[in-house]
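This report refers to the structure that appears directly beneath it.
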Amino acid sequence: MSGIQGTRTYPGAGDTSDLKYPLGTRLREALTEVRFHQLFGGEEQEPELPAERRFSRLFGLWRLRARACSGTGAWRLLLARLPPLHWLPHYRWRAWLLGDAVAGVTVGIVHVPQGMAFALLASVPPVFGLYTSFFPVLIYSLLGTGRHLSTGTFAILSLMTGSAVERLVPEPLVGNLSGIEKEQLDAQRVGVAAAVAFGSGALMLGMFVLQLGVLSTFLSEPVVKALTSGVALHVLVSQLPSLLGLSLPRQIGCFSLFKTLAAVLTALPRSSPAELTISALSLALLVPVKELNVRFRDRLPTPIPGEVVMVLLASMLCFASSLDTRYHVQIVGLLPGGFPQPLLPNLAELPRILADSLPIALVTFAVSASLASIYADKYSYTIDSNQELLAHGASNLISSLFSCFPNSATLATTSLLVDAGGKTQLAGLFSCIVVLSVLLWLGPFFYYLPKAVLACINISSMRQMFFQMQELPQLWHISRVDFAVWMVTWVAVVTLNVDLGLAVGVVFSMMTVVCRTRRVQCLALGQAEGTELYRPLRGSHKLLQVPGLCILSYPTPLYFGTRGQFRRNLEWHLGLGEGEKETSKPDGPTVAVAEPVRVVVLDFSGVTFADAAGAREVVQLASRCRDARIRLLLAQCNASVLGTLTRAGLLDRVTPDQLFVSVQDAAAYALGSLVRGSSTRSESREALGCGK
């Protein structure tokens, strides 16, 4: 059974010369787990230590860790936590400096109008978008491991932050506020936005301490893409009042998108023709420029800065025509020069914004880590996910002291940085220089910038997110389940809000995984004649199946959610249900069992883990098999599953000789016991070699 076709010679008792060559000219003996460890060695489970000895051993490990933090260990820790110390000594100044400088300046120029535009999404004055485009970029350049990653303001986070700000500091019903009242309202809103950034940064730092970088995997690709596509629609609808020159309160909560649409349609007769004209001209310039940058990416030396051109043209037009006074066009106004005074956010707000900070922290890390991994794979370097948690956590927490709102990596500026020739994090420093010059000297030039232009920049920046819907036909062709996850997440984000939609998408995505593990069936295996290969009997009539022997493979984790399915499948295959000769297949008609099962082999190679409920189910199965005089053999259990089964009491029902290293060994032993009954294993293998 376990050799090449035509081979009939077997080693004698104690002859193990061919044990290392299972496909050699002679058959080896069937190896149990115990016999395998005797011959080849293996990891033995250490005896459980008393509590006092465990404590002293743990204390010893702490002392070793403390020693490692001195000298060389401290330098290694510093290298890991400050990536520039690792890549800066190997920096190719002549080859890379010009590319980093050009890319950094290009991204910095885009950061200026985009930062001010995204600040409107966050419901804070535009200058705070410039702060958020400076401090986080500087901090990530010192702590991040993504060489091509560009951080700053992000539409999704700005929209989520704006929802929290509008909920906690709503705009008064009285539309005409005095200058002092307006400043007080803006100060309260900035405080809430900074508190959200502080909370999300603190959460990411806590995740870093607990080494929870793996949590980013729970946001699957369909969830992230559906989230960004749904948020793009929210951004479009939320900017309609600014495009039309309408002063409408921002809608929050569930169905906010539809509420905003209804309010805009109701107030449409009051729209401003001047701002509508500015918006139409701005979109007429921005959208084609975006399309040209994408289509001629390889031919252009650097992308066309359409946003900067539009900002300059609109500012000059508004100043020359006095649109703000003649037609009441809303403008940005005076941008305060310099930096804000460092101020600790109001910690009393943290309990109120915790529900907003958690999804923002998850989205920040998931989007940034996935974007960094894409470019790391493309340019052949590695990303430390836990270090990314530290970098983004510190960026949000420290920048919140300077009145910044939540920030992360962005797809648009990252792709712009790569296209412009950026090579390392040094490009971020050049980007900071551009934003710094605006904050210190060039701020007054944006005084007459219409807010409608910023709304158009917000909408045009969502172009890539809208086009993600073009991937749906391909996703349907590849995986219907992923398509369902995409659609459920998108519908939830659009109809509810971003936070609830993200939660619905994650829960639904996890439920699809659980449901797919529960739908897995036990597979009956048969042997391909003349080989050691075992394949499912379903759909094949050329596989050997021995009467009285049942070989089953269970290719899914065995836990509380699958234990019932496992029990029902085993009862059907082994006839343990009602003890009758005829039984009904779960999805088919009644079939007659030709001969009762005397030996069953369970292939556990697909059982990656088992919990207490699953382990007890296996122990109960062993007891029922023993009562029914069915010999149960387990094959290819990994160390974790075998340890769980052992602690659940499996060895009280079976002997170690019933645990085998592979299906082939268990099947060889089972066939031998069926052919010769109580004969020795060597005689069983000889009978098997005769093919009967």
Kindly say whether [Y] contributes a backbone atom to a donor-acceptor pair with the side chain of [X] at under 3.5 angstrom?
X	Y	result
Ser200	Ser357	no
Asn396	Phe198	no
Ser368	Ala409	yes
Ser271	Ala267	no
Ser229	Lys225	no

Is there a donor in the side chain of [X] and an acceptor in the side chain of [Y], or the other way round, less than 3.5 Å apart?
X	Y	answer
Ser150	Thr413	yes
Thr145	Glu388	yes
Thr424	Asp100	yes

Is the shortest side-chain heavy-atom distance between [X] and [Y] below 4.5 Å?
X	Y	result
Gln425	Arg147	yes
Leu401	Leu343	no
Leu411	Val367	no
Val112	Phe446	yes
Phe154	Thr161	no
Val504	Thr489	no
Leu500	Cys254	yes
Leu454	Gln239	no

Inset, instruction - For side-chain contact (heavy atoms from CB on, under 4.5 Å), just list the numbers for Val453 and Glu307, CA-CA rounded to whole Å, side-chain angles, deciding distance to a tenth of an Å, and then say yes or no. - result: CA-CA 9 Å; Val453 175; Glu307 293 90 346; over 6 Å; no
Any chance you could measure [X], atom [atom1], to [Y], atom [atom2], to the nearest 0.5 Å?
X	Y	atom1	atom2	result
Met207	Leu389	CE	CG	5.0 Å
Ser395	Tyr140	OG	OH	8.5 Å
Glu471	Ile478	CD	CD1	9.5 Å
Leu121	Leu159	CG	CG	6.0 Å
Asn407	Ser400	CG	OG	9.5 Å
Leu157	Ile360	CG	CD1	6.5 Å

Inset, instruction - Output yes when Arg189 and Glu166 qualify as a salt bridge under the 4.0 Å nitrogen-oxygen rule, no when they do not. - result: yes
Legend entry - Pairing of Lys182 and Glu171 as salt bridge, 4.0 angstrom limit: no
Legend entry - Contact summary for Val363 and Leu502, nearest pair of heavy atoms: CG2-CD2, 3.4 Å
Inset, instruction - Determine the interplanar angle of the Tyr379 and His148 rings, folded into 0 to 90°, and report it as parallel if under 30°, tilted if 30 to 60°, perpendicular if over 60°. - result: parallel
Legend entry - Leu203/Leu354 under side-chain contact (heavy atoms from CB on, under 4.5 Å): CA gap, chis, key distance, verdict: CA-CA 9 Å; Leu203 288 173; Leu354 183 61; 4.3 Å; yes
Inset, instruction - I would like to know whether Leu243 and Ile278 meet side-chain contact (heavy atoms from CB on, under 4.5 Å); could you show each step before the answer? - result: CA-CA 8 Å; Leu243 291 179; Ile278 294 174; over 6 Å; no
Legend entry - Identified ring pair (Phe, Tyr, Trp, His ring centres under 6.0 Å) partner of Phe339 from the options Phe135, Phe402, Phe128: Phe135
Inset, instruction - Using the side-chain contact (heavy atoms from CB on, under 4.5 Å) rule, take Leu236 and Phe466 through it: C-alpha gap first, then chi angles, then the decisive distance, then the call. - result: CA-CA 10 Å; Leu236 172 62; Phe466 282 122; 4.0 Å; yes
Inset, instruction - May I have all residue pairs that pass salt bridge (Lys or Arg N to Asp or Glu O under 4.0 Å) and include part of residues 352-370, sequence neighbours excluded? - result: Arg167-Asp356, Glu349-Arg352
Inset, instruction - Please collect all salt bridge (Lys or Arg N to Asp or Glu O under 4.0 Å) contacts where either partner lies in residues 473-501, sequence neighbours excluded, each pair once. - result: none
Inset, instruction - Go through the steps to decide whether Gln114 and Thr153 satisfy the test side chain to side chain donor-acceptor pair (under 3.5 Å), and finish with yes or no. - result: CA-CA 8 Å; Gln114 200 172 76; Thr153 55; 4.8 Å; no
Inset, instruction - Apply the test ring pair (Phe, Tyr, Trp, His ring centres under 6.0 Å) to residues Phe118 and Phe405: give CA-CA distance (whole Å), side-chain angles for both, the deciding distance (0.1 Å), then the verdict. - result: CA-CA 10 Å; Phe118 288 166; Phe405 51 86; 8.7 Å; no
